[in-house]
Trainee: 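Sharing a structure, written as structure tokens. Questions coming.
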Amino acid sequence: MMIFMIGVITGVGIQLISLSIVNFFVTKFSENQPKKQQNNNLNFTESEGYLSIKLEKEISEGQRIQPELQKLLLLQKATLESATDAILIVDSLDKIVGFNKKFLEMWDIPELIITSGNYKQALRTAIKKLDNPRHYLSILRELHENPDIHIGENILFKDGRIFNPFYQQQYKYKENIGQVWIFRDITAENLASNTINYQSLHDILTNLPNRLLLKKLLIDALTKVSHNHSLGVCFLDLDRFKKINDSLGHSIGDKLLQMVAQCIKKSLRSDDIVARWGGDEFIILLPEISEMYDIDLIQERIFAAFKQGFKIDNYHLNISPSIGIALYPQHGEDGETLIKNAEAALSRVKLQGRNSYKVYQAAINSQATELFSLENSLYNALERQEFKVYYQPQVNSSTGEITKMEALLRWQHPELGLIPPATFIPIAEETGLILPISEWVLKTACLQNKAWQQTLNLSSLSVAVNFSGRQFQQPNLVGIVEQVLCETKLAHRYLELEITETVAMQDVELTQKILRQLDEIGVTISIDDFGTGYSSLSYLKDFSIHALKIDQSFVQDLANKDNQTAITTAIISLAHGLNLSVVAEGVETQEQLNALRILQCEIMQGYFFSHPLSAEEATRMLTAYQPHRLKNSYLVA
């Protein structure tokens with residue numbers, strides 16, 4: 001830029017030089033004008049002749065130099081007009097003596113005002129266009145008092161434009177002969193710079209603050225916390241978001257993240273801040289917390305907003321958040337510690353089933369360490385043959401026969417013992433290990449059921465296998481099922497796959513397609529935990545399903561609560577109306593069994609009949625199996 005300015009100033013210098021040349025000749029001419037005759041020895045005639053000769057010489061010299069002056073002026077004008085910046089030249093008497101068309105264009109001042117040379121009128125016109133006229137008038141007054149000061153700030157216009165000014169006084173023999181103004185329009189340059197700076201501090205997808213800006217905002221917020229308030233850091237993660245990306249594509253996933261970002265923002269107070277931490281993780285900064293009630297209220301708003309679901313293109317997506325919370329100063333006095341402890345609290349929420357929030361506790365750190373150790377062990381558990389499949393019978397209430405065995409996964413850890421599915425399944429889902437593990441369970445269960453059919457002469461015995469959300473939405477799921485059935489030689493009709501309502505509703509169109517394909521190859525489908533998931537029942541008529549499994553929460557107090565009886569009755573009636581069979585889970589007492597039989601629930605499962613059994617125990621139970629009637633019910637001997 002400086003090189004360019006030097007070039008421009010050189011051009012401007014031509015103007016000043018040309019003016020100086022004119023002044024020089026005028027001055028020279030004036031100096032040589034005839035003076036009063038004081039030499040008495042020189043007569044009038046001689047004096048007149050001398051002056052005439054002198055004048056002729058001066059005129060001749062002027063005529064000789066005139067073309068050179070014209071060339072200089074033309075060169076000066078061409079130089080001014082070739083400049084991409086606006087140029088204004090003002091002499092020592094505040095008269096405009098030079099400008100270029102770029103100046104007229106950029107400042108939008110009538111050319112008549114500029115050509116008139118009226119600098120003050122031009123200034124009055126220009127100053128009205130600026131964002132803060134008084135401020136710039138004060139700068140001009142300071143320049144007037146001290147012409148050699150440097151202007152260090154840009155000129156801001158009301159319409160958003162930004163000019164970068166260059167100002168320089170011009171001197172000849174230490175005498176001020178004028179000043180040069182150069183203006184460069186840096187609006188686009190400034191916008192680009194601001195955009196780059198903004199993008200470096202904000203997430204491009206959601207337009208939220210990114211990690212870098214969040215850390216700065218958190219440090220700033222910590223310095224402003226008063227004695228009467230606390231500060232909250234919330235670490236939010238979307239439950240099973242990866243399944244949406246895997247099944248629907250990253251385009252839908254990105255749109256969901258954008259909608260989630262706005263959903264969270266609308267749930268917060270005006271001074272609260274939400275930033276995207278990365279992937280499907282968000283950090284929420286709550287700068288003013290008076291009491292725990294504030295935390296609870298904000299979390300309830302967030303969860304209520306998520307319950308509405310998100311409509312994207314032709315999909316209605318239901319996704320839940322899990323949130324871990326750390327408070328200043330109880331859980332950390334610096335930003336890094338608060339974020340770490342909020343993330344530890346989030347891990348605890350995931351372990352306990354997700355879709356909830358939890359405030360950090362000191363014991364969580366040791367639990368987080370255990371989870372990390374558990375995750376590392378999970379990677380090698382399959383090849384070390386630490387997984388076991390247990391089986392729980394389903395009993396026909398009319399015939400007393402065991403019609404199906406549900407396969408249930410267990411992890412026998414060499415050090416920690418038997419680990420329940422609720423502990424390790426979420427980790428397996430998160431890491432993607434659920435896919436090879438689930439395929440192993442499917443193959444193991446089919447092999448075992450085929451063995452029972454052949455060795456125990458139970459040719460009509462079926463096996464039910466639970467499918468996780470991530471497993472169900474595999475692109476090649478139907479092919480995997482067919483391959484397993486082919487390898488184990490189990491007939492398709494003896495395999496039942498169980499999915500939950502939540503899994504089924506993740507992507508309705510994909511679910512319809514997969515269920516239809518599974519139905520076409522002869523595999524049966526049941527909806528597990530029915531009544532606890534999606535609120536709409538309209539999907540039942542659109543899905544190729546064969547059975548509903550009533551969640552055990554409706555069965556537990558069936559004999560004592562009229563509401564539970566009414567709900568269970570409605571589910572059974574609905575299923576029968578759609579030609580679906582019904583399985584009641586969690587049957588533990590005689591009273592529950594009797595009530596279900598009265599409601600015409602044909603299949604039951606629970607501890608009243610049998611706990612989940614190892615393959616060896618289940619084989620012994622099936623070998624000794626003799627259904628018999630007892631108190632108007634059926635028991636397995």
Trainee: Is Thr195 reaching over with its side chain to a backbone N or O of Leu191, donor-acceptor style, under 3.5 angstrom?
Mentor: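 Between the backbone of Leu191 and the side chain of Thr195 there is a qualifying donor-acceptor contact (under 3.5 Å).
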Trainee: Measure from the side-chain N and O atoms of Asp280 to the backbone N and O of Lys242, and report whether any donor-acceptor pair falls under 3.5 Å.
Mentor: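 Side chain of Asp280 to backbone of Lys242, a donor-acceptor pair under 3.5 Å: no, none is there.
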Trainee: Evaluate the side-chain proximity of Val260 to Thr206: yes if any heavy-atom separation is below 4.5 Å, no if none is.
Mentor: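 With C-beta onward as the side chain, the pair stays apart.
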Trainee: Which pair of heavy atoms, one from Ile499 and one from Ala504, lies closest together, and at what distance?
Mentor: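 Smallest heavy-atom distance, with atoms named: CD1-CB, 3.9 Å.
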Trainee: Under the side chain to side chain donor-acceptor pair (under 3.5 Å) definition, can you give me all pairs with a residue in residues 267-278, not counting sequence neighbours?
Mentor: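 Only Asp203-Arg276, Arg269-Asp272 qualify under side chain to side chain donor-acceptor pair (under 3.5 Å).
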Trainee: In Å, rounded to the nearest 0.5 Å, how long is the span from CG of Asp131 to CG of Asp159?
Mentor: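 Between Asp131 CG and Asp159 CG, I get 9.5 Å after rounding to 0.5 Å.
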Trainee: Is Glu585 salt-bridged to Lys549, going by a charged N under 4.0 Å from an acidic O?
Mentor: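 Judged by the 4.0 Å cut-off on N to carboxylate O distance, Glu585 and Lys549 do form a salt bridge.
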Trainee: Is any side-chain heavy atom of Leu143 less than 4.5 Å from a side-chain heavy atom of Leu140?
Mentor: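 Sidechains of Leu140 and Leu143: in contact.
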Trainee: With a 4.5 Å cut-off on side-chain heavy atoms, are Leu286 and Ile325 touching?
Mentor: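 Of all side-chain heavy-atom pairs linking Leu286 with Ile325, none is under 4.5 Å.
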Trainee: Determine whether Val441 and Asn466 make a side-chain contact, defined as any pair of heavy atoms from C-beta on separated by less than 4.5 Å.
Mentor: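 A side-chain contact is absent here, since even the closest heavy-atom pair is not under 4.5 Å.
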Trainee: Please list, chain by chain and in numerical order, all residues satisfying side-chain hydrogen bond (donor to acceptor under 3.5 Å, both in side chains) with Ser526, sequence neighbours excluded.
Mentor: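 Residues passing side-chain hydrogen bond (donor to acceptor under 3.5 Å, both in side chains) with Ser526: Glu496.
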Trainee: Determine the sole option in Asp85, Leu88, Ile87 for which the side-chain contact (heavy atoms from CB on, under 4.5 Å) test with Trp181 is passed.
Mentor: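 Single pass found, and it is Leu88.
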Trainee: Are Trp107 and Phe163 close enough that their ring centres sit under 6.0 Å apart?
Mentor: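 Here the rings of Phe163 and Trp107 have centres that are less than 6.0 Å from each other.
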Trainee: Considering all heavy atoms of both residues, which atom of Ser230 and which atom of Leu327 are nearest to each other, and what is their separation?
Mentor: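 Smallest interatomic distance, heavy atoms only, reads OG-CB, 4.0 Å.
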Trainee: For the residue pair His202 and Asn210, what are the closest heavy atoms and their distance?
Mentor: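 Shortest heavy-atom separation between His202 and Asn210 comes out as N-ND2, 3.4 Å.
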Trainee: For Ile437 and Ala428, which heavy atoms make the closest approach, and how far apart are they?
Mentor: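 Answer, listing the atom of Ile437 first, then Ala428: CD1-CB, 4.3 Å.
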Trainee: Can you check whether Leu338's main-chain N or O pairs, donor with acceptor, with Tyr360's side chain at less than 3.5 Å?
Mentor: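 Answer holds: no.
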Trainee: Between atom CG of Leu409 and atom CD1 of Ile425, what is the distance when rounded to the nearest 0.5 Å?
Mentor: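 Reported to 0.5 Å precision, the distance equals 5.0 Å.
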Trainee: Which pair of non-hydrogen atoms, one from Ala381 and one from Trp411, has the smallest distance, and what is that distance?
Mentor: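 Minimum heavy-atom contact is CB-NE1, 3.6 Å.
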Trainee: To the nearest 0.5 Å, how far apart are CD1 in Ile319 and CD1 in Ile244?
Mentor: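 Answer rounded to 0.5 Å: 4.0 Å.
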Trainee: Does the pair Phe310 and His316 meet the rule for a side chain to side chain contact (heavy atoms under 4.5 Å, CB included), with working shown?
Mentor: CA-CA 6 Å; Phe310 301 91; His316 185 90; over 6 Å; no
Trainee: In terms of heavy-atom contacts, does NZ of Lys224 have more than 12 from other residues, nucleotides or ligands at under 6.0 Å?
Mentor: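 Open: at most 12 neighbouring heavy atoms sit under 6.0 Å from NZ of Lys224.
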Trainee: Keeping the roles fixed (side chain from Arg161, backbone from Met106), state whether a donor-acceptor pair exists under 3.5 Å.
Mentor: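 The answer is yes, because a donor-acceptor pair under 3.5 Å joins these two groups.
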Trainee: Which residues pass the ring pair (Phe, Tyr, Trp, His ring centres under 6.0 Å) test with Tyr315, sequence neighbours left out?
Mentor: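 Ring pair (Phe, Tyr, Trp, His ring centres under 6.0 Å) check on Tyr315 returns nothing, list empty.
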Trainee: Under the 3.5 angstrom rule, does the side chain of Thr431 hit a backbone N or O of Ile427 as a donor-acceptor pair?
Mentor: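 At least one qualifying donor-acceptor pair exists.
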Trainee: For atom NZ of Lys265, decide whether the heavy atoms of other residues, nucleotides or ligands shown that lie under 6.0 angstrom number more than 12.
Mentor: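 Not more than 12 within 6.0 Å, no.
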Trainee: side-chain hydrogen bond (donor to acceptor under 3.5 Å, both in side chains) with Gln262: which residues, sequence neighbours excluded?
Mentor: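 Listed in chain order: nothing, the list is empty.
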Trainee: If you round to the nearest 0.5 Å, how far is OG of Ser320 from CZ of Arg240?
Mentor: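 Between Arg240 CZ and Ser320 OG, I get 7.0 Å after rounding to 0.5 Å.
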Trainee: Any non-hydrogen side-chain atom of Ile545 less than 4.5 Å from a side-chain atom of Leu515?
Mentor: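 Yes. Closest side-chain heavy atoms under 4.5 Å.
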Trainee: Side chain to side chain contact (heavy atoms under 4.5 Å, CB included) for Tyr198 and Asn207? Distances and angles first, verdict last.
Mentor: CA-CA 10 Å; Tyr198 182 88; Asn207 210 32; 2.9 Å; yes
Trainee: Between Tyr328 and Val233, is a side chain to side chain contact (heavy atoms under 4.5 Å, CB included) present by the stated rule, with each step listed?
Mentor: CA-CA 8 Å; Tyr328 170 87; Val233 174; over 6 Å; no
Trainee: Any chance you could measure Leu238, atom CG, to Leu257, atom CG, to the nearest 0.5 Å?
Mentor: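 Here the interatomic distance stands at 6.5 Å.
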Trainee: Given 3.5 Å as the limit, does a donor-acceptor pair link the side chain of Asn154 with the main chain of Ile162, or not?
Mentor: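 Absent.
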Trainee: Donor-acceptor pairs under 3.5 Å, side chain of residues 289-298 to any protein atom, not counting sequence neighbours: which ones?
Mentor:
from, atom 1, to, atom 2, distance (Å)
Asp294, OD2, Ser290, N, 2.8
Asp294, OD2, Glu291, N, 3.4
Asp296, OD1, Tyr357, OH, 2.7

Trainee: What heavy-atom pair brings Ala275 and Pro209 nearest, and what distance separates the two atoms?
Mentor: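 Looking at all heavy atoms of both residues, the shortest contact is CB-O, 3.1 Å.
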Trainee: Check whether any side-chain heavy atom of Ser438 lies under 4.5 Å from a side-chain heavy atom of Phe467, and answer yes or no.
Mentor: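 Not in contact.
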Trainee: Strictly distance-based, threshold 3.5 Å: is any side-chain N or O of Glu343 a donor or acceptor partner for the main-chain N or O of Gly324?
Mentor: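 Side chain of Glu343 to backbone of Gly324, a donor-acceptor pair under 3.5 Å: no, none is there.
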Trainee: Answer yes or no: is there a side-chain heavy-atom contact under 4.5 Å between Glu386 and Asn380?
Mentor: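 Not touching, per the 4.5 Å side-chain cut-off.
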Trainee: Is there side-chain contact between Leu218 and Ile283, with heavy atoms separated by less than 4.5 Å?
Mentor: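 Result no, sub-4.5 Å side-chain heavy-atom pair not found.
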Trainee: About how many Å separate CZ of Arg470 and CG of Leu433, when rounded to the nearest 0.5 Å?
Mentor: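 Between Leu433 CG and Arg470 CZ, I get 9.0 Å after rounding to 0.5 Å.
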Trainee: Could you tell me whether a side-chain N or O of Gln474 sits under 3.5 Å from a main-chain N or O of Gln471, the two making a donor and an acceptor?
Mentor: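 Looks like yes, one N/O pair under 3.5 Å.
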Trainee: What residues form a ring pair (Phe, Tyr, Trp, His ring centres under 6.0 Å) with Phe241, not counting sequence neighbours?
Mentor: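 Ring pair (Phe, Tyr, Trp, His ring centres under 6.0 Å) check on Phe241 returns nothing, list empty.
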Trainee: Which residue is it: Asp237, Asn355, Asp239? I am looking for the one with a side chain to side chain donor-acceptor pair (under 3.5 Å) to Ser322.
Mentor: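 Of the listed options, the one satisfying the test is Asp239.
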Trainee: Within a 6.0 Å radius of atom CD on Gln330, are there more than 12 heavy atoms belonging to other residues, nucleotides or ligands?
Mentor: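 Above 12, so yes.
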Trainee: Given Lys102 and Glu105, is the side chain to side chain contact (heavy atoms under 4.5 Å, CB included) satisfied, shown in steps?
Mentor: CA-CA 5 Å; Lys102 197 67 179 177; Glu105 292 174 8; 3.7 Å; yes
